[in-house]
Each structure stands twice: as structure tokens, then as C-alpha cells.
Amino acid sequence: MTRTPILALHGTASNAKQWRSLRQSMAEERRVLTPDLPGYGASGMADLPATPGMVSRLQAVCELLDTLDQPCHVVGHSFGGALALRLGVIRPERVVSISVYEPTALAVFHSCTQPLDQRFLGEFRRLGQITASASPQVAMESFVNYWMGPGQWTQLSSANQQTLTAVARSAARDFQDALLDLEQPTTPSWYSGPVQMLCGDSTIPASRRIAQLLMKRLPNASLQTMTGAGHMGPMTHSRDFHTAYRAFLRRVENDVQSPPVAECSTAKCA
């Protein structure tokens with residue numbers, strides 16, 4: 001039997017290479033599809049859809065899914081995680097399960113009125129404004145220092161800084177697309193299939209809050225914390241991430257393959 005393939009969606013300012021270790025780890029088990037999202041890698045700015053929004057951003061991914069002869073598991077990190085959750089809503093028949101590591105699903109703040117939630121939302125709005133209006137270097141320095149901690153930009157090599165600066169416009173579009181969900185007139189629907197929510201215990205408070213809010217909205221989700229990991233956990237703690245993800249896949253596929261057990265009394269089943 002052909003094992004269900006995996007579709008892996010990378011985060012902001014990254015590309016398909018982010019999932020190289022996952023693809024290598026799963027090489028003997030199943031196929032792992034790792035497309036460059038529009039605006040990154042082999043897919044340049046010209047490939048970004050003219051209409052902003054998460055759904056239009058997923059158009060190329062949906063076209064890829066339609067080339068497969070079976071549904072797939074979807075895994076996503078950060079902005080890729082937010083796209084994965086939206087993909088489960090617009091194309092549920094093509095998605096078996098979703099695993100997300102700290103998804104920037106900003107739509108989860110829709111209708112939230114608590115001061116803490118408003119503070120986090122304000123942080124994302126400000127970061128979105130900076131990436132859209134500041135110089136590429138200032139934009140990506142702010143981006144890196146927000147997610148990885150103050151001063152982390154200066155710890156990067158000049159080559160890495162240049163690589164990140166080159167995708168500043170794409171990063172700004174990610175924020176625009178993610179924030180657009182908040183302007184919808186009603187709260188968006190959420191994926192009802194199995195979801196693995198992963199979060200690092202050394203991450204920023206906003207990521208933990210998004211995970212908590214998502215757990216209240218996703219009807220079939222479990223939350224796991226990765227020890228010692230921050231927002232870049234799938235790369236910095238790839239072995240732990242792969243172990244957790246494999247365990248989730250086993251649970252999902254065992255549930256799918258196991259036939260339902262009829263409820264009956266001992267006497268009737270004897």
C-alpha cells in the first residue's frame with residue numbers, strides 16, 4: 001500500500017530548503033512535497049497573486065494537490081502553519097491531517113477583546129507596518145529580533161543578512177495576507193480533522209497565546225511542547241520535531257485504518 005504523502009509548507013523568509021531534513025528523514029517511508037511558496041525560493045515576487053489573502057496565496061498549493069492521486073498530510077511552520085490550517089478549510093477532501101509548529105494564524109484574534117490579545121495583535125500589526133514601509137534591512141532586522149530575541153540580527157553572518165533582506169517584500173506580503181483575515185466580517189471556520197499543535201517552551205509569549213487560542217477553536221487538536229525550542233524549533237530541534245511528527249502520523253493512520261468496534265454487551269458478543 002502506498003503511504004500517504006506529506007506536503008510541507010515553510011515559514012516567512014524561508015523556502016523549501018527548510019524541510020530538507022524532514023524530507024531526508026522520511027525518505028524511506030513516504031514522499032515529502034516541499035514547494036516554494038509564492039515570493040520565495042524558485043518562486044519569485046512575480047508569482048505572488050495580485051489579490052491579497054490566504055486563499056489566493058494557496059492557489060499554487062491547491063494546484064499541486066490536484067496533481068496527486070490521493071490526499072496528503074500537511075505540515076507547516078509559522079506562516080506556513082497558518083496556510084496549512086486554511087488549506088484544511090478550503091480543501092478538506094485533500095487533507096488527511098495537519099501538523100503545525102507555532103502557526104501565525106492571526107485570524108484567531110478575531111473578536112478577542114482581552115488586553116493581552118490586543119497587545120499581541122498590536123505587536124503583529126506594528127511588525128507588519130515595519131516590514132511594509134521600512135528599508136529591507138530594518139524590516140528584516142526587526143523581524144528576526146522579534147521572533148528570535150533582541151540582538152539576534154547582529155549574530156547572523158553578512159551572507160544570511162543579505163539573504164533575508166532580499167525577501168523583505170515577500171515577508172511584508174505574508175503579514176498583509178495573515179492580517180487580512182482579521183478584516184473578515186465573520187469569524188473564519190476552522191479545520192475539523194486531526195491537528196497536531198507544536199510549540200517551543202522557549203518561544204515568545206505571542207506564539208504560546210496563538211496556540212492556546214487555536215486549541216479552543218480546533219475540535220480535534222492536541223498540543224505538545226518541545227523542550228528547549230524557540231520559534232525556529234523545526235530547524236534548531238529537528239530530531240525532536242521529527243520524532244513528535246512521526247508519532248502523530250502513526251496515531252492518525254492507525255485511527256484511519258482501524259475499523260470501528262461495535263458497542264455491545266458481553267453476552268451478545270460472546
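Side chains are part of it too, since the values below use all heavy atoms of this structure and drop only hydrogens, waters and symmetry mates.
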Mind checking the [atom1]-[atom2] spacing from [X] to [Y]? Nearest 0.5 Å is all I need.
{"X": "M148", "Y": "F143", "atom1": "CE", "atom2": "CZ", "answer": "10.0 Å"}
{"X": "M197", "Y": "E102", "atom1": "CE", "atom2": "CD", "answer": "10.5 Å"}
{"X": "L83", "Y": "L9", "atom1": "CG", "atom2": "CG", "answer": "6.5 Å"}
{"X": "Q224", "Y": "S99", "atom1": "CD", "atom2": "OG", "answer": "8.0 Å"}
{"X": "M232", "Y": "S14", "atom1": "CE", "atom2": "OG", "answer": "6.5 Å"}
{"X": "Q212", "Y": "K216", "atom1": "CD", "atom2": "NZ", "answer": "7.5 Å"}

Linking I/L/V/M/F/W/Y whenever their side-chain heavy atoms sit closer than 4.5 Å, directly or via other members, would [X] and [Y] fall into one cluster?
{"X": "M45", "Y": "V167", "value": "no"}
{"X": "F175", "Y": "L48", "value": "no"}
{"X": "V138", "Y": "L164", "value": "no"}

| task | Over 60° means perpendicular and under 30° means parallel, so classify the ring planes of F241 and W19, tilted if in between. | result | tilted
Test item: [X] and [Y] side chains (from C-beta on) under 4.5 Å apart, heavy atoms:
{"X": "T227", "Y": "D240", "result": "no"}
{"X": "L213", "Y": "D117", "result": "yes"}
{"X": "Q114", "Y": "R209", "result": "yes"}
{"X": "L214", "Y": "L85", "result": "yes"}
{"X": "R57", "Y": "D174", "result": "yes"}
{"X": "Q70", "Y": "T4", "result": "yes"}
{"X": "V74", "Y": "R91", "result": "no"}
{"X": "W190", "Y": "V195", "result": "no"}

State whether the side chain of [X] and the backbone N or O of [Y] hold a donor-acceptor pair below 3.5 Å, judged by distance alone.
{"X": "T34", "Y": "A8", "result": "no"}
{"X": "S56", "Y": "G53", "result": "yes"}
{"X": "T243", "Y": "R239", "result": "yes"}
{"X": "R208", "Y": "T203", "result": "yes"}

Taking all heavy atoms of [X] and all of [Y], pick out the closest pair and write down the distance.
{"X": "P5", "Y": "P71", "result": "CD-O, 3.7 Å"}
{"X": "Q18", "Y": "G11", "result": "OE1-N, 3.2 Å"}
{"X": "Q196", "Y": "L198", "result": "OE1-CD1, 3.7 Å"}
{"X": "A42", "Y": "D47", "result": "O-OD2, 4.4 Å"}
{"X": "L87", "Y": "C62", "result": "CD1-SG, 3.8 Å"}
{"X": "S207", "Y": "H231", "result": "OG-ND1, 3.7 Å"}

| task | Determine, stepwise, if the pair T12 / W147 fulfils side chain to side chain contact (heavy atoms under 4.5 Å, CB included). | result | CA-CA 11 Å; T12 293; W147 289 111; over 6 Å; no
| task | Let me see the working for R30 and L249 under side chain to side chain contact (heavy atoms under 4.5 Å, CB included), right down to the final yes or no. | result | CA-CA 11 Å; R30 65 185 82 221; L249 291 178; 4.2 Å; yes
| said: A quick test of your reading: do over 12 heavy atoms of other residues, nucleotides or ligands sit less than 6.0 Å from CZ of R31? | reply: no
| request: Report, as yes or no, whether the 6.0 Å neighbourhood of atom CD on E93 holds more than 12 heavy atoms from other residues, nucleotides or ligands. | output: yes
Residues 118-130 side chain polar contacts: donor-acceptor under 3.5 Å, at least two apart:
residue: Q118; atom: NE2; partner: C112; partner atom: O; Å: 2.6
residue: E123; atom: OE1; partner: Y146; partner atom: OH; Å: 2.7

| ring-ring contact (aromatic ring centres under 6.0 Å, His included) pairs, two or more places apart, involving residues 28-69 | H10-Y40
| Basic-acidic side-chain contact under 4.0 Å: D177, R173 |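 Answer for the salt bridge query: yes.
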| task | Take Q137 and W153 through the test side chain to side chain contact (heavy atoms under 4.5 Å, CB included) and record every step on the way to the result. | result | CA-CA 10 Å; Q137 180 170 334; W153 175 261; 4.1 Å; yes
| How far apart are the C-alpha atoms of M54 and I90, what are their side-chain angles, what is the distance that settles it, and do they pass the side chain to side chain contact (heavy atoms under 4.5 Å, CB included) test? | CA-CA 10 Å; M54 302 291 276; I90 65 175; over 6 Å; no
